[in-house]
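Written out below as structure tokens is the structure these notes cover.
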Amino acid sequence: MQDRYGHRISYLRVSITDRCNERCTYCMPQELQEWLPREEILTFEETLRLIRIAAELGVSTVRITGGEPLTRRDVMEFIRRIPEIPGIKSIGLSTNGTLLAREIGPGETIASALRAVGVESINISLDTLDRAVYSQITGRDFHEQVLSGIHAAIAEGFKQIKLNTVLMRERNEDQLIPLIEFAAPRDLILRFIEMMPVSTTEVLDDKNFMPIQEAKRMIESRYGRLIPETEFRTNGPATYYQIPERRQRVGFIGAMTNLHFCESCNKLRLTCDGKLRPCLGSYLEFDIMKPMRAGASDEELKEFFVDVVDRKPEQHDFRNHYKPGRKMVAIGG
Ligand code: SAM
Ligand code: SF4
């Protein structure tokens with residue numbers, strides 16, 4: 001699938017729930033804390049069917065997200081079936097990490113189960129190493145669980161583990177260096193993400209918003225000039241750098257300030273309530289659950305996908321007075 005601007009779609013981000021065990025201020029503001037009713041959520045069978053159809057159209061990478069995907073019941077049974085879909089070459093999961101170390105059987109943790117069902121890459125959110133600040137940001141005192149979760153994931157030898165840090169002036173600007181020092185010996189790729197007005201625009205005021213260039217400058221004043229790694233790409237829009245004199249990679253995701261952010265976008269999103277969303281930062285979304293539940297054939301659903309991709313915008317709308325329509329937690333960041 002290719003859109004009219006030359007974006008080739010090979011990556012499907014699948015949100016399987018709008019529920020979460022945390023309440024991050026930038027993702028789930030107070031006024032949005034209401035869950036969708038169960039019947040409005042795609043069943044796993046329906047989701048697998050849509051992934052299969054996407055794979056037939058050229059999608060080879062799937063990332064499971066949410067809300068917090070590990071809070072959905074039977075998630076392992078669902079993920080286990082994804083590698084059976086022809087064409088899917090890589091499965092990733094985005095998680096807040098709080099449940100990864102949880103034991104689910106003798107010698108078995110959620111992290112080990114994920115590895116066993118075929119997850120190769122795991123992204124874990126960690127905005128700070130300070131427990132009190134972590135609680136303020138996430139609304140929950142789960143910092144220790146997350147650290148245990150990270151270690152549980154490391155022990156399982158995933159192909160790639162990334163830590164995602166959302167930049168917040170005043171809240172975690174003092175954490176950039178500690179997080180780099182935390183990631184280094186553990187061989188984790190750390191990525192700094194600019195806040196986006198997905199759930200609320202309040203996050204963009206000067207007290208909160210911190211551009212990646214500023215983070216980069218702070219890091220360079222400590223370690224020296226970062227070395228661009230133009231050859232290294234994951235599936236996302238991050239730009240990567242090497243810290244001089246050590247083999248450590250850091251990434252920057254500058255959705256708000258990088259004007260080339262959308263150029264290499266290869267993504268399509270499926271929300272947990274069955275909407276195809278061609279761009280995170282655009283209002284456009286198309287209800288594929290409705291025709292599917294009304295009995296559409298695979299061919300008809302394929303046409304639906306192609307049509308949605310055809311409407312993918314050239315770039316996101318975040319810089320144009322974007323007004324959040326629904327919470328990030330429901331879209332699947
Ligand atoms: N619950 C999981 C987690 O926290 O990683 C997966 C879903 S979460 C929506 C995915 C990613 O989106 C997280 O790394 C989170 O920090 C990021 N995110 C959420 N709201 C954001 C916002 N307003 N701006 C930038 N990133 C955001
Ligand atoms: Fe939950 Fe992740 Fe959103 Fe935080 S960022 S509220 S952990 S879905």
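Counting starts at 1 for both ligands and their atoms, following the listed order. FYI, the numbering just counts along the sequence from 1.
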*Does the distance from a Lys or Arg side-chain N to an Asp or Glu carboxylate O, for Glu68 and Arg19, drop under 4.0 Å?*
no
*Check each of Leu176, Ile180, Ile177 against Arg222 using the side-chain contact (heavy atoms from CB on, under 4.5 Å) test, and report the only one that passes.*
Ile177
*Record the part of Glu194 in heavy-atom contact with ligand 1 below 4.0 Å; permitted values are side chain, backbone, both and neither.*
backbone
*Can you say whether the rings of Tyr241 and Phe252 are parallel (under 30°), tilted (30 to 60°) or perpendicular (over 60°)?*
perpendicular
_Proximal candidate to atom 8 (S) of ligand 1 [heavy atom criterion; set Ser94, Pro69, Gly66]_ = Gly66
_Under 4.0 Å to a heavy atom of Val166 - the qualifying atoms of ligand 1, by number_ = 16 (O), 26 (N)
*Please say which of Asn164, Ile243, Leu163 ends up in a side-chain contact (heavy atoms from CB on, under 4.5 Å) with Leu190.*
Leu163
*Answer yes when Asp127 and Arg171 have at least one side-chain N-carboxylate O distance shorter than 4.0 Å, and no when they do not.*
no
_With a 6.0 Å cut-off (strictly less than), is the heavy-atom count around CZ of Arg49, excluding the residue itself, greater than 12?_
yes
_Below a 4.0 angstrom heavy-atom separation, can you tell me which part of Cys24, side chain or backbone, both or neither, approaches ligand 2?_
both
*Does ligand 2 have any atom sitting under 4.0 Å from a heavy atom of Gly66?*
no
_Within ligand 1, which atoms have a heavy atom of Cys27 less than 4.0 Å away?_
19 (C), 20 (N)
_Cation-pi check for Phe182 against Arg186: NZ or CZ below 6.0 Å from the six-membered ring centre and within 45 degrees of the axis, yes or no?_
yes
*Subset of ligand 1 atoms that lie under 4.0 Å from at least one heavy atom of Asn164*: 14 (O)
*What residue among Leu126, Leu179, Ile154 forms side-chain contact (heavy atoms from CB on, under 4.5 Å) with Leu188?*
Ile154
*Identify which of Thr65, Ile64, Ile253, Thr95 has a heavy atom lying nearest to atom 7 (C) of ligand 1.*
Thr65
*Is there at least one pair of N or O atoms, one from Asn123 and one from ligand 1, spaced under 3.5 Å apart?*
no
*Please identify which atoms of ligand 1 are closer than 4.0 Å to at least one heavy atom of Glu68.*
1 (N), 2 (C)
*asked:* At less than 4.0 angstrom from any non-hydrogen atom of Gly67, what atoms of ligand 1 do you find?
replied: 1 (N), 2 (C), 6 (C), 7 (C)
*Report yes or no: does Cys27 have an N/O/S atom closer than 2.8 Å to atom 3 (Fe) of ligand 2?*
yes
